[in-house]
Amino acid sequence: MTRVLGERWAVPTLDAHTRAFFTSGVLALQRCRRCAYIQHPPEDVCASCQGFDFDHFASAGIGRVESVAVVTQAVHPLLAEQVPYAIALVAVADAPGVLIAGNVVGREPDAVRIGDRVRVVFEDATDPHSGEALTIPQWVVTDA
Amino acid sequence: MHGRSAVAGIGESTYYRRGESPHTEFQLACVAIRRAVEDAGLTLADVDGFVSYRDERNTPVRLARALGLKELRWAATPWGMGGNGMAAAVQIADAAVTAGSARHIVVFRALAQGEFGRYGQAGGSKGLHGGPMTGSLAWNGTYGILTPAHQCALQTARFMHDHAISQEALCEVALACYANAQRNPRALRYGHPLTREAYHASRWIVKPFHLYDCCPENDGAAAAVVTTVERARDLPHRPAVVLAAASGIGPPFGVFDRASLGSAHYRQVGKHLWEHAGCRPTDVQVAQFYENFTGQVLMALCEMGFAEPDGVEEFVSGGRLVGPDAAFPFNTSGGNLGEAYIHGFEMVNESVRQIRGDSTCQVKDVQRALVVAGPGYAPGSAVLFGAPT
């Protein structure tokens, strides 16, 4: 899908923490290889066992809106045409301990509610430095 | 109860709207410090320590030279904090003077956003000007979650949802700060009262925050001299004794953590403050709560033990926060919203005035005055001042 906040909006810098989440085409959450603890955003150290060794858990991306607010005043010129937009924190069913920030689409921003069911979708973007393809997780309201 | 250090002097520069200070930030800092030292009945040569917070730009050695200190023995800030470090700065000064590390420490905050740019604006984020989008800019900025208002709106929205709190509760906090500012000639909103109608008619910044739910950004400086209680007793003013101070968080430790969503991260601060002070919220006669955003004040009121979440709307409604005879005397100088946004340090000075008995909104028989620093961020902090025994 096209970008929620416009094709010119800034993209995340790819590094050891962000690469899997923003490029793998699935909802990739950091998982400790030793104790299987899932944490987001990723960290250098596992907050459960203090391990350093991680892989990623591919969440099915079925979740619930835990909080939502509607940005009405643009704080950057590139967002002037984008307001109002909904910002949200989402919890997914298969990794219930974490909250994932994102935008919610598929409904008017003012109509998005805490408790709404959502599923992950991916917006396509390109890293301006490496040309690498990005798949940025976003959320669409589902009826169920 | 602790009670071994005290504030002996307070001072501030004139407060200005953002960008309107005719003086540099360093000049504002020096004015506030000089006035606090004079108010304490001391000379600048008596000062031997500085504490600030929020990555204060006016550094201790530069100040020591400009102000002509005899020596500098102590300089510190709480670790990397924002407005949440305001009371922790007093706590550090308390620790230092009671340990004998320095004798007269000036705690202060200065900001001139015309000179240095704004704190609350995304334009300060390098990644949005072609620099790296790493850390929270990657996780949040990618989605247009860019300012403290955006983060705090997400916390407030969940709190309002969980406890059936209406927009009127947020409005009441703003109305109280503006009403109290009408008594305070130092206040930037002095002569500019706010009505309920004007609140609701103001533009949305990020729902659920109207314009008046968000603190302004101002230029100015405020300072307080902390010394031992014994020393303070020899000085002209009634000492405002540091009865207790606390800072900390959690667990959970995240700003956006599922287990603490809808929280200002102040439960730990409240627990330790009251334990340390050996008293309860009902023993406080007047309180200043840092308003970065009105919703965060509601959460902090609950977490510091003054109200239950399901009853906080009633707690703040019906004028219960307004004036010196309020059911809960609150932000009596006008606070960040009404007096000036000096990252909350104006609230330390107001608490000292309440203990002395010379506030423009003076509460009767103040024995204890509470200051709660910036909510919604961590580690948070709070300090309880008391009258000398």
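Here is the naming used below: chain letters follow the sequence lines, and residue numbers restart at 1 for every chain. A quick note: this is a predicted structure, and the numbers were derived from the prediction, not measured.
Checked against the 6.0 Å centroid criterion, the rings of A/H17 and B/W139 do not qualify as a close aromatic pair.
Rounded to the nearest 0.5 angstrom, B/L154 CG and A/I87 CD1 are separated by 4.0 Å. Atom OG1 of B/T142 is separated from atom CH2 of A/W9 by 8.5 Å, given to the nearest 0.5 angstrom.
No side-chain heavy atom of B/W204 sits under 4.5 Å from any side-chain heavy atom of A/V70. Proximity of A/T72 to B/K207: side-chain heavy atoms (C-beta onward) are separated by under 4.5 Å at one or more points. Under the 4.5 Å side-chain criterion, counting only non-hydrogen atoms from C-beta, B/H150 is in contact with A/V71. Between A/V98 and B/R258 there is no side-chain heavy-atom pair separated by less than 4.5 Å. Looking only at side-chain heavy atoms (C-beta outward), B/Y143 and A/P12 stay at 4.5 Å or farther from each other. In this structure, A/Q73 and B/T147 have side chains that are not in contact, with every pair of non-hydrogen atoms separated by 4.5 Å or more. Inter-residue side-chain proximity for B/T134 and A/T18 is flagged as unmet; no heavy-atom pair is nearer than 4.5 Å. For the pair B/L137/A/T13, no side-chain contact is recorded, criterion being any heavy-atom separation below 4.5 Å from C-beta on.
Contacts of A/D15 with chain B are made by side-chain atoms alone, with heavy-atom separations under 4.5 Å and no backbone atom involved. For A/R3, the part sitting under 4.5 Å from any heavy atom of chain B is the side chain, from C-beta outward, and nothing else. Residue contact with chain B, scored on non-hydrogen atoms closer than 4.5 Å, is absent for A/A47. Both the backbone and the side chain of A/I114 come within contact range of chain B, each with at least one heavy atom under 4.5 Å from a heavy atom of that chain. The part of A/L99 that comes within reach of chain B is its side chain, from C-beta onward, which places non-hydrogen atoms under 4.5 angstrom from that chain. When heavy atoms are compared at a cutoff of 4.5 Å, B/L261 approaches chain A solely by way of its side chain, counted from C-beta outward. In this structure, chain B has no heavy atom under 4.5 Å from any part of A/P77.
Shown here are the side chain to side chain contact (heavy atoms under 4.5 Å, CB included) partners of B/N140, two or more places apart in sequence or in another chain: A/A101, B/S136, B/I145, B/Q151, B/F256.
Counting non-hydrogen atoms of neighbouring residues, nucleotides and ligands closer than 6.0 angstrom, the CD atom of A/E132 exceeds 12 such neighbours. The number of heavy-atom neighbours closer than 6.0 Å to CD of A/Q50, taken from other residues, nucleotides and ligands shown, is above 12. Around the CZ atom of B/F253, the shell of radius 6.0 Å holds more than 12 heavy atoms that belong to other residues, nucleotides or ligands. Atom CD of B/E308 has 12 or fewer heavy atoms from other residues, nucleotides or ligands within 6.0 Å.
At a heavy-atom cut-off of under 4.5 Å, chain A is reached by B/H161 from residues 161-175 of chain B, listed in order of number.
Without hydrogens or angle criteria, A/Y85 side chain to B/G144 main chain gives a donor-acceptor distance under 3.5 Å. For the pair A/S67 (side chain) and B/A157 (backbone), a donor-acceptor distance under 3.5 Å is absent.
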